[in-house]
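All remarks here apply to the structure that follows.
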Amino acid sequence: MSKAAAKAKAQVVRLLIPAGKAAPTPPVGPALGARGVKSMDFCKEFNAKTAHIEQGAPTPTLITVQPDRTFTFITKTPPATYFLKKAAGIEKGTGKPGHVFNGTVSLKHVYEIAKIKSTDEHMKHLPLESIARMIVGSARSLGVQVVP
Amino acid sequence: MSFLRILERPQVCFCRARRFTTTAVSRAEKPKVVAASAAAAATPLSSCTKDTVLTGLNYLKGQPPVLAAADDEYPEWLWTVLEPKVWPDDGPGGKAERVKRRIENKQRIKDRNFMSTQ
């Protein structure tokens, strides 16, 4: 029993944080504080790591908190929907995907977005064509029409 | 003997006829090929012309704006990405068969689920 308690599992926290702008109390603070992580430490490290990314771009991060309260985190590329909304020039996706269309995006946009996403760790082994098809699927859910 | 002579004559004529027909065909093909390539260059594959600014894709700090390149600088598969993927048939036990079976199975499950609500 004591051995099982000592091997308490590392907890994983998934957050979407604007690059370079960590440390607001509502999203980041309680999520990390509940697991015993000093949020200031995390925010300094996070801002340093995302310094090369345009400030404010939502960055999905995966924070692994060990039982002894040390943490490591991984950052990924911004969500595909973020790029699609920017490329189409819209603020929000449509309320009725498939029926109401919001914006238009070209296949060249899709190619460039796929190139960005393929730099991610979990997308590196995939062929670019597959990634492009994933992005076309995301665009369909957003109500953004993909035009050749 | 006369039979042999009859056999000889048409062979000679046949060879001559063949030579004429091949040259006629090759002459006809060349202008068609030229016309086709000119047509391909004229009609663009994409609505996005060269050097259009692709907004929002320069998400790194200090990255210059991303510009669209010319149509032929993009891979061929990009122009077919909007259509469902066609798998070449590679015989029994191949990928095409598996993909087809998976789609059929999924549809069968959906139909069964729907019928159970009726």
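We name chains A, B, ... by the order of the sequence lines, and we start the count at 1 in each one.
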### Query
Is the CD atom of B:E104 crowded by more than 12 outside heavy atoms at less than 6.0 Å?
yes
### Query
Counting distance only, does the side-chain N/O of A:K86 pair as donor-acceptor with the main-chain N or O of B:T55 below 3.5 Å?
no
### Task
Considering only heavy atoms and a distance below 4.5 Å, find which of A:A114, A:A19, A:G89, A:P148 pairs most often with chain B.
A:P148
### Message
Are A:I113 and A:L126 connected into the same hydrophobic cluster when the rule is that any two of I, L, V, M, F, W, Y join if their side-chain heavy atoms are below 4.5 Å apart?
### Response
yes
### Query
Are any non-hydrogen side-chain atoms of A:Y111 and B:V81 less than 4.5 angstrom apart?
no
### Message
Please classify the contact of A:A57 with chain B as side chain, backbone, both or neither, using a heavy-atom distance under 4.5 Å.
### Response
neither
### Query
Is the number of heavy atoms from other residues, nucleotides or ligands under 6.0 Å of A:H122 NE2 greater than 12?
yes
### B:A68 versus A:K108, closest heavy-atom pair with distance
CB-CD, 3.9 Å
### Query
Is it the backbone or the side chain of A:I116 that comes under 4.5 Å from a heavy atom of chain B, or both, or neither?
side chain
### Summary
So, the part of B:E83 with a heavy atom under 4.5 Å from chain A: the answer is backbone
### Message
I'd like to know if A:L16 and A:V13 are part of one continuous hydrophobic network [Ile/Leu/Val/Met/Phe/Trp/Tyr, side-chain heavy atoms within less than 4.5 Å].
### Response
no
### Task
Side-chain contact test, heavy atoms from C-beta onward, threshold under 4.5 Å: evaluate it for B:L57 versus A:K115 and give yes or no.
no
### Query
According to a 4.5 Å side-chain heavy-atom criterion applied to Ile, Leu, Val, Met, Phe, Trp and Tyr, with indirect links allowed, do A:M40 and A:F46 form part of one hydrophobic cluster?
no
### Query
Given that the side chain runs from C-beta out, which part of B:Y74 has a heavy atom under 4.5 Å from chain A: side chain, backbone, both or neither?
side chain
### Message
Quick check: is B:W79 connected to A:V136 through a chain of hydrophobic side chains (ILVMFWY, heavy atoms under 4.5 Å apart)?
### Response
yes
### Query
Given that the side chain runs from C-beta out, which part of A:V146 has a heavy atom under 4.5 Å from chain B: side chain, backbone, both or neither?
both
#### Entry: Residue pair B:Y59 / A:P78: nearest heavy atoms and the distance that separates them
CE1-CD, 3.6 Å
### Task
Examine whether an atom of A:A51 lies under 4.5 Å from a heavy atom of chain B, and if so say whether it belongs to the side chain, the backbone or both; otherwise answer neither.
backbone
### Query
Does the side chain of B:W77 reach to within under 4.5 Å of the side chain of A:L128, using non-hydrogen atoms?
yes
### Query
Which bit of B:L60 comes within less than 4.5 Å of chain A, counting heavy atoms only: side chain, backbone, both or neither?
both
### Task
May I ask you to test the A:E129-B:K85 pair for a side-chain heavy-atom distance under 4.5 Å?
yes
### Task
Answer yes if A:F42 and A:I74 sit in the same cluster of Ile, Leu, Val, Met, Phe, Trp and Tyr residues linked by side chain heavy atoms under 4.5 Å apart, and no otherwise.
no
